[in-house]
Undergrad: 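My questions will all concern the structure given below.
From a predicted model like this one, the values you see are computed outputs, not experimental measurements. Protein chains get the first letters and strands the later ones, always in sequence-line order, with residue 1 at the start of each.
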Protein chains: 2
Amino acid sequence: MSLPHAILTALLEKPSSGLELTRRFDRSIGYFWSATHQQIYRELGRLEAEGHIRTLPAEQPARGQRKSYEVLPAGRAELARWTAAAHDPKPLRDTMLLRLRAAAVVGTDGLEADLRRHLDLHRRQLAEYEEIERRDFPPGKDAPEDRLRHLVLRAGIDLESFWTGWLDQAVRELGELPEG
Amino acid sequence: MSLPHAILTALLEKPSSGLELTRRFDRSIGYFWSATHQQIYRELGRLEAEGHIRTLPAEQPARGQRKSYEVLPAGRAELARWTAAAHDPKPLRDTMLLRLRAAAVVGTDGLEADLRRHLDLHRRQLAEYEEIERRDFPPGKDAPEDRLRHLVLRAGIDLESFWTGWLDQAVRELGELPEG
DNA sequence: CTGCCCATGTAAGCAGTTACATGATTAA
DNA sequence: TTAATCATGTAACTGCTTACATGGGCAG
């Protein structure tokens, strides 16, 4: 139940249409909460029905017409409530770790290629995050209101750093194993 | 589509009944692929229907009776195929990061308590992993067949280390923010 | 024979994914 | 006027979660 709150956050940062939200979920917010346009439109409908958002006045468009939304006070209150509420962390679920465990039983044939591919993908993502950090958070500046956003970005950077390091080691260890 | 492969891996490591599998998914395998007993029983039914596993002979039990399964050659082949196949990494999806981003908009009131709670949970998980490492992988020993399992455990340890460090910093930064 | 736990299951519902559909706008 | 693209949506399906149901064995 986080998608509606991701959308409320995005709309508070800037009122948007469904497609604009979709684009922003391909970067920015989507870096840690991805969503497709189908999810977004469905959720916008629900949020509007619940009175958490509304279409910007001055527009009452038909199908195929842009529709921009803004957050209502009830929506902001709901987001504040959700942010402060206790949520248990979700247990880790990672396919690559599972595949390595499986490889310990059925062998590592063919695994290395995809490990290298993942390593490359994570290196690219890391570079992208670091570029954003250089651009948006130059050293020694962080205004108070930027602190939290920078902290979130640091999480992304550190996680990608972990994966590149771990995958690199996995590739090296795979090369040293007897069966190849 | 990873649950059936998690189950195949677990059954190859040791033939088990549904409940034994459920217990093992509460530790071990479950550390990076969790599952409830309902999921497991349903999936066991499917895997049997597909000819990937079978109930151990010498048993043909009724409802309420233990039923143990073992992997058939077709199941092992499917697991090997899946392990070697390319899979795109899933984009990160983390509620706590989303909440911090939301807090940058609606304020941080009430957030610190849950940050501290998460920090404590991750510290416990880290300690548990480190205990397993001490027990199962004493320094300088790793036999080749243990290498991969140790690598997977290291991923768990490093991820929990990241979270404890990050959450600790988040708590400290929250304390320094103007609005508290 | 009662209550409790073990073991296996069924049913309902929700979030997310994939494929497809429709109207409006723009460019050739 | 045709094709491409923008923008919003519907429909069907899969996987996971939550709640509940059923039968067997065992301790008091």
Undergrad: Once you round it to whole Å, what is the distance between P of C:dT18 and CD1 of A:I40?
TA: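 In whole Å, C:dT18 P and A:I40 CD1 are 15 Å from each other.
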Undergrad: Hey, which sits more toward the 5' end of DNA chain C by its nearest nucleotide, A:S34 or B:G18?
TA: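 Checking each residue's closest nucleotide, the 5'-ward one belongs to B:G18.
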Undergrad: If you only use heavy atoms from C-beta on, which nucleotide in D:dG9, C:dT17, D:dC6 is closest to the side chain of A:Y41?
TA: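 Ranking D:dG9, C:dT17, D:dC6 by closest atom to the A:Y41 side chain puts D:dG9 first.
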Undergrad: What are the residues of residues 86-97 of chain B, sorted by number, that bring a heavy atom to within less than 4.0 Å of DNA chain C?
TA: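 Listed by number, they are B:R93.
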Undergrad: Just do the side chain to side chain donor-acceptor pair (under 3.5 Å) check on A:Y31 and A:E128 with the steps written out, would you?
TA: CA-CA 11 Å; A:Y31 286 143; A:E128 190 173 334; 2.5 Å; yes
Undergrad: In whole angstroms, how far is the C1' atom of C:dG9 from the CZ atom of B:R46?
TA: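 After rounding, the reported distance stands at 14 Å.
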Undergrad: Please state how far atom NE2 in B:H5 lies from atom P in D:dG15, giving the value in whole angstrom units.
TA: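 Value for this atom pair: 11 Å.
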Undergrad: Hey, does B:S17 reach any base, or is it just sugar-phosphate, or nothing, if we go heavy atoms under 4.0 Å?
TA: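 Answer is sugar-phosphate: B:S17 comes under 4.0 Å of backbone atoms only.
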Undergrad: With respect to the side chain of A:T36, which nucleotide from C:dT18, C:dT8, D:dA19 is positioned closest?
TA: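 Closest nucleotide among those given: C:dT18.
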Undergrad: Describe, in one word, how the ring planes of B:Y41 and B:H37 are oriented to each other, choosing from parallel (under 30°), tilted (30 to 60°) and perpendicular (over 60°).
TA: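 Judged by the thresholds at 30° and 60°, the geometry between B:Y41 and B:H37 is perpendicular.
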Undergrad: Take the protein atom CD of B:E48 and the nucleotide atom P of C:dT8, then report the distance between them rounded to whole Å.
TA: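 Result: 12 Å.
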Undergrad: Determine, using the 4.5 Å side-chain heavy-atom cutoff (strictly less than), whether A:L72 and A:L47 are members of one ILVMFWY cluster.
TA: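 The answer is no; the residues belong to distinct hydrophobic clusters.
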Undergrad: Using a distance-only criterion (donor-acceptor N/O pair, under 3.5 Å, no hydrogens), is the base of D:dT14 paired with the side chain of B:R42?
TA: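 Under the 3.5 Å cut-off, the side chain and the base do not form any donor-acceptor pair.
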Undergrad: Could you tell me if the ring centre of B:H87 sits under 6.0 Å from that of B:W82?
TA: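 Yes, the ring of B:H87 comes within the 6.0 Å limit of the ring of B:W82, centre to centre.
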Undergrad: Between C:dT8, C:dG16, D:dG9, which nucleotide has the shortest distance from any of its atoms to the side chain of A:L3?
TA: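 The nucleotide sitting nearest to the side chain is C:dG16.
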Undergrad: Checking contacts here: which listed nucleotide (D:dA7, C:dG16, C:dA7) is nearest the side-chain heavy atoms of B:R23?
TA: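 For the B:R23 side chain, the nearest candidate turns out to be C:dA7.
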Undergrad: Any ion pair linking A:R147 and B:E176 (charged N to carboxylate O, less than 4.0 Å)?
TA: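 Answer for the salt bridge query: yes.
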Undergrad: Taking the minimum atom-to-atom distance to the side chain of A:W33, which one of C:dG16, D:dT8, D:dC20 wins?
TA: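 Of the options given, the side chain of A:W33 lies nearest C:dG16.
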Undergrad: In whole angstrom, give the distance that lies between atom CD of B:Q39 and atom P of C:dT8.
TA: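 Going from B:Q39 (CD) to C:dT8 (P), I get 16 Å.
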Undergrad: Rounded off to whole Å, could you give me the CD-to-C1' distance for the A:E43 and D:dG9 pair?
TA: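 For the pair A:E43 CD and D:dG9 C1', the rounded distance is 15 Å.
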Undergrad: Taking salt bridge (Lys or Arg N to Asp or Glu O under 4.0 Å) as the definition, give me every residue that meets it alongside A:D158, ordered by chain and number, with sequence neighbours left out.
TA: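 Checked A:D158 against salt bridge (Lys or Arg N to Asp or Glu O under 4.0 Å); matches are A:R154.
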Undergrad: Ignoring the backbone of A:H37, work out which of D:dA19, C:dA7, D:dG9 is nearest its side chain.
TA: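 Nucleotide nearest to A:H37's side chain: D:dG9.
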Undergrad: Which whole-number value in Å describes the distance from A:L47 CG to C:dA15 C1'?
TA: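 Rounded to whole Å, this separation is 14 Å.
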Undergrad: Rounding to an integer number of Å, can you tell me how far B:L44 CG sits from C:dT8 P?
TA: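 Spelled out: CG on B:L44 to P on C:dT8 is 9 Å.
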Undergrad: Go through D:dG9, C:dG16, D:dC20 for me and flag the one nearest to the B:Q38 side chain.
TA: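 Nearest to the side-chain atoms of B:Q38, counting from C-beta on, is D:dC20.
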Undergrad: Whether B:R117 and B:D120 form a salt bridge (side-chain N of Lys/Arg under 4.0 Å from carboxylate O of Asp/Glu) is what I want to check.
TA: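 No, B:D120 and B:R117 are not salt-bridged.
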Undergrad: A:H5 and side-chain hydrogen bond (donor to acceptor under 3.5 Å, both in side chains): which single residue from A:E43, A:E78, A:R81 fits?
TA: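 Single side-chain hydrogen bond (donor to acceptor under 3.5 Å, both in side chains) partner of A:H5 among A:E43, A:E78, A:R81: A:E78.
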